[in-house]
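The structure under discussion appears below in the form of structure tokens.
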Amino acid sequence: AQSVTQPDIHITVSEGASLELRCNYSYGATPYLFWYVQSPGQGLQLLLKYFSGDTLVQGIKGFEAEFKRSQSSFNLRKPSVHWSDAAEYFCAVGAGSGGYNKLIFGAGTRLAVHP
Amino acid sequence: SAVISQKPSRDICQRGTSLTIQCQVDSQVTMMFWYRQQPGQSLTLIATANQGSEATYESGFVIDKFPISRPNLTFSTLTVSNMSPEDSSIYLCSVVVAGGNEQFFGPGTRLTVL
């Protein structure tokens, strides 16, 4: 069965430090992968997506993610974190036809940023 | 992208009652979905709202509990029926716009059942 694992429930980093949020997926075919961010009291905003091609994808707000098929991973990175990046981050895999429906979400990683 | 509105944004309801949540999109979309986010949890897909026909429910969700309508391309409702405290969650609708390949989410409806 398809699944998404985000091993880190909470992560705390200092402002200006680099960030990597881990995501591992289980999916039989070529996965469609997404990272969303949910700020307090807000809906979900798409940061980036991977369907095919270049395994390093750029997203909004300075985020990037790298797809590694051999490790079944799609980790999210940012070179320098800003206080406004404090939020909950969800990795998701598209499990339905077309790749962008029937999203299966990971449990999320809550990011705290220290000044 | 799409601008998605949900009504109400939040509500507090008594057990045994029902609440209907509306989702309105400002552009034509090909697909609409309803998700539930229980307190401190991730999102779980409830169903795909199909225009003019019955919704497609995921395992663990049934039409009697979560009836869904989608009368046109830009509007859908989700009803949470015979509510219990366990239904306290954030309910979010999402859409795929025409020609798009990603889901955009509404702001959510925060439901508390007493």
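These figures come from a predicted structure and were not determined experimentally. A, B, ... follow the sequence lines: proteins, then strands. Residue 1 opens every chain. Just so it is clear, the values below take in all heavy atoms, side chains as well, and ignore hydrogens, waters and symmetry mates.
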Check your understanding: Given side chains that start at C-beta, do those of A:F105 and B:Q41 come closer than 4.5 Å, heavy atoms only?
Key -> no
Exercise for review: With the side chain counted from C-beta on, respond yes when A:L103 and B:Y35 share a heavy-atom pair under 4.5 Å apart, and no when they do not.
Suggested key: yes
Atom [atom1] of residue position [X] - does it have more than 12 heavy atoms of other residues, nucleotides or ligands inside 6.0 Å?
X	atom1	answer
A:I9	CD1	no
B:Q28	CD	no
B:R10	CZ	no
A:K78	NZ	yes

Are [Y] and [X] linked, directly or through intermediate hydrophobic residues, by side-chain heavy-atom contacts shorter than 4.5 Å (ILVMFWY only)?
X	Y	result
B:I21	B:V113	yes
A:V57	A:V37	yes
B:V25	B:F105	no
A:Y25	A:L47	yes
B:M31	B:V95	no

Point to revise | A:L46 versus chain B, the contacting section by heavy-atom distance below 4.5 Å | key: side chain
Study note, to complete from the structure: Honestly, the part of A:Q38 sitting under 4.5 Å from a heavy atom of chain B is side chain
Review point. Under 4.5 Å, heavy atom to heavy atom, which residues of residues 44-78 of chain B contact chain A?
Key: B:L45, B:E58
Review point. Which answer fits B:L43, side chain, backbone, both or neither, if we ask what part of it has an atom under 4.5 Å from a heavy atom of chain A?
Key: both
Review point. What closest approach, in Å, do B:Q37 and A:F90 show between heavy atoms, and which atom pair accounts for it?
Key: NE2-CZ, 3.6 Å
Review point. Any donor and acceptor pair, going by atom type alone, linking the side chain of B:S42 with main-chain N or O of A:G108 inside 3.5 Å?
Key: no
